[in-house]
Enquirer: 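Would you mind keeping the following structure in view while I ask a few things?
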Protein chains: 2
Amino acid sequence: MNIGDVAERSGVPAKTIRYYEDIGLVTPLRAANGYRSFREIDFRKLAFIGRARALGFTIEDCRTLLALYNDDNRESAQVKAVAEEHLRQIDEKISKLMSMKETLSSLVHQCAGDHRPDCPILADLAVSD
Amino acid sequence: MNIGDVAERSGVPAKTIRYYEDIGLVTPLRAANGYRSFREIDFRKLAFIGRARALGFTIEDCRTLLALYNDDNRESAQVKAVAEEHLRQIDEKISKLMSMKETLSSLVHQCAGDHRPDCPILADLAVSD
DNA sequence: ATAGGAGTTCCAGTGACTGGAAGGTCAATA
DNA sequence: TATTGACCTTCCAGTCACTGGAACTCCTAT
């Protein structure tokens with residue numbers, strides 16, 4: 001498979017796949033003409049990474065998860081630990097965003113949004129305690 | 001005020017303040033010894049930016065909001081539009097994170113997390129449709 | 001005189017791509 | 001056979017908003 005095929009099949013953009021090769025995440029073969037030549041296993045790896053990334057795992061997490069996937073002696077506890085840590089970080093991000101959202105939407109509701117200059121949003125930002 | 005004072009008062013790290021000067025967000029004066037010399041107005045600007053950043057506004061948003069703040073002819077509708085657009089983006093991020101969280105936490109619950117290698121998390125990531 | 005805690009500039013790195021330029025390769029068509 | 005156009009290659013730069021560190025100067029107190 002050329003990079004275009006594997007990009008389409010895996011949903012990972014060609015440009016991203018080249019980047020993944022750069023950082024050593026995938027190592028496709030090379031054809032005589034210099035084109036990258038992807039085996040089925042490369043495709044599966046990319047699809048795996050694509051799904052992990054879609055769940056928000058970092059590239060380093062992907063490395064870890066791939067290593068665990070290929071490790072016959074892994075313990076599911078190791079995988080679970082990675083996932084749980086990631087979940088914690090997701091929760092953190094969510095609560096930060098929710099608190100921003102609350103503050104901001106309350107300000108937005110207070111703002112008339114008309115032609116006059118008076119604006120509680122700006123007023124709030126300008127408060128120098 | 002030197003940079004350290006204004007950093008402490010505004011809560012914006014000195015390093016970040018220098019960066020803000022680089023990109024033209026603040027323009028403190030300079031003392032004879034080359035030190036940055038912050039006026040009260042510089043401090044207030046930095047505090048404004050700090051609060052806007054804490055609400056997740058981008059640097060470009062901060063520029064816009066500062067311009068509006070200093071514009072006597074602004075209409076609150078302009079400010080509200082910026083805030084509402086930002087709010088939309090926050091909502092988008094939240095729902096992305098929530099959907100990740102749901103998928104991931106369901107997988108985590110299915111995973112025994114013991115010494116055995118069988119792991120539904122890895123199994124899910126490895127599915128090649 | 002010296003020590004330390006400020007401040008200064010400049011360069012490089014972060015994460016995970018993404019865009020674009022300049023060029024080589026391949027398959028199909030005129 | 002020439003050419004078009006789609007695909008591939010490498011390399012460099014940019015994104016966003018900082019952050020770390022090195023090498024240096026400056027100020028204040030002892």
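Order of the sequence lines fixes the chain letters, A, B, ..., with proteins taken first and strands second; residue numbering starts at 1 for each chain.
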Enquirer: Rounded off to whole Å, could you give me the NZ-to-P distance for the B:Lys93 and D:dC16 pair?
Expert: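 From B:Lys93 NZ to D:dC16 P: 12 Å.
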Enquirer: Closest approach of B:Asp124 and A:Arg51, non-hydrogen atoms and distance?
Expert: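 Reported closest heavy-atom pair: O-NE, 3.6 Å.
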Enquirer: Roughly, in whole Å, what's the span from CG in B:Asp22 to P in C:dA12?
Expert: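 After rounding, the reported distance stands at 15 Å.
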Enquirer: Could you please name the option among D:dT9, C:dC17, D:dC18 that lies closest to any side-chain atom of B:Thr16?
Expert: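 Taking heavy atoms from C-beta onward, the closest nucleotide is D:dC18.
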Enquirer: Between D:dC18, D:dG20, C:dT8, which nucleotide gets closest to the side-chain atoms of B:Lys15?
Expert: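 Shortest atom-to-atom distance from the side chain points to D:dG20.
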Enquirer: Over how many whole Å does the gap from B:Tyr35 atom OH to D:dC27 atom C1' extend?
Expert: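 Going from OH in B:Tyr35 over to C1' in D:dC27 covers 6 Å.
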Enquirer: If you pin B:Glu60 and A:Ile3 to their nearest nucleotides in DNA chain D, which one's is more 5'?
Expert: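 Whichever sits nearer the 5' end wins; that is A:Ile3.
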Enquirer: Of A:Lys45, A:Arg44, A:Arg39, which meets side-chain hydrogen bond (donor to acceptor under 3.5 Å, both in side chains) against A:Asp42?
Expert: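 In the set A:Lys45, A:Arg44, A:Arg39, the residue that makes a side-chain hydrogen bond (donor to acceptor under 3.5 Å, both in side chains) with A:Asp42 is A:Arg39.
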Enquirer: Rounded to whole Å, how long is the line connecting atom OH of B:Tyr20 with atom P of D:dC18?
Expert: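 That distance rounds to 3 Å.
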Enquirer: Please give, in whole Å, the distance from C:dT9 C1' to B:Arg30 CZ?
Expert: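 After rounding, the gap between these two atoms is 10 Å.
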Enquirer: Taking the side chain of B:Tyr19 as heavy atoms from C-beta outward, which of D:dA17, C:dT8, D:dT10 is closest to it?
Expert: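 So the side chain of B:Tyr19 is nearest to D:dA17.
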Enquirer: Let me know which of B:Ile49, B:Leu66, B:Leu55 forms a side chain to side chain contact (heavy atoms under 4.5 Å, CB included) with A:Leu125.
Expert: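 For A:Leu125, the side chain to side chain contact (heavy atoms under 4.5 Å, CB included) test succeeds with only one of B:Ile49, B:Leu66, B:Leu55, which is B:Leu55.
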Enquirer: Using atom CZ of A:Arg18 as one end and atom C1' of D:dC8 as the other, report the distance to the nearest whole Å.
Expert: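 Going from CZ in A:Arg18 over to C1' in D:dC8 covers 7 Å.
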Enquirer: Would you say D:dC16 has OP1 or OP2 under 4.0 Å from some side-chain N or O of B:Thr58?
Expert: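 Answer no for this pair, as no side-chain N or O of B:Thr58 is under 4.0 Å from OP1 or OP2.
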Enquirer: Identify whether any heavy atom of A:Arg53 sits under 4.0 Å from a base atom; if not, whether one sits that close to sugar-phosphate; answer base, sugar-phosphate or nothing.
Expert: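 Sugar-phosphate, backbone atoms only, no base.
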Enquirer: What closest approach, in Å, do A:Arg74 and A:Tyr69 show between heavy atoms, and which atom pair accounts for it?
Expert: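 Where A:Arg74 meets A:Tyr69 most closely, the heavy atoms are NH1-O, 3.0 Å.
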Enquirer: For B:Arg36, which contact category applies under a 4.0 Å heavy-atom criterion: base, sugar-phosphate, or nothing?
Expert: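 Contact class for B:Arg36: sugar-phosphate only.
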Enquirer: Do B:Ser106 and B:Gln110 have a side chain donor and acceptor closer than 3.5 Å?
Expert: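 A donor-acceptor contact under 3.5 Å links the two side chains.
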Enquirer: Pick base, sugar-phosphate or nothing for B:Phe57, based on heavy-atom distances below 4.0 Å to the nucleic acid.
Expert: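 Nothing: the residue B:Phe57, judged by heavy atoms under 4.0 Å, touches no strand.
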Enquirer: Do any side-chain nitrogens or oxygens of A:Asn33 fall under 4.0 Å of OP1 or OP2 in C:dC26?
Expert: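 For C:dC26, OP1/OP2 do have a side-chain N/O of A:Asn33 under 4.0 Å.
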Enquirer: Between A:Asp5 (CG) and D:dC7 (C1'), how many Å, whole number?
Expert: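 So the two atoms are 10 Å apart, to the nearest Å.
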Enquirer: For B:Leu46 and D:dC18, give me the distance from atom CG to atom P, rounded to whole Å.
Expert: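 For the pair B:Leu46 CG and D:dC18 P, the rounded distance is 11 Å.
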Enquirer: Report which part of the nucleic acid B:Ile23 touches: base, sugar-phosphate, or nothing (heavy-atom distance under 4.0 Å, all strands).
Expert: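 Here B:Ile23 touches no strand at all.
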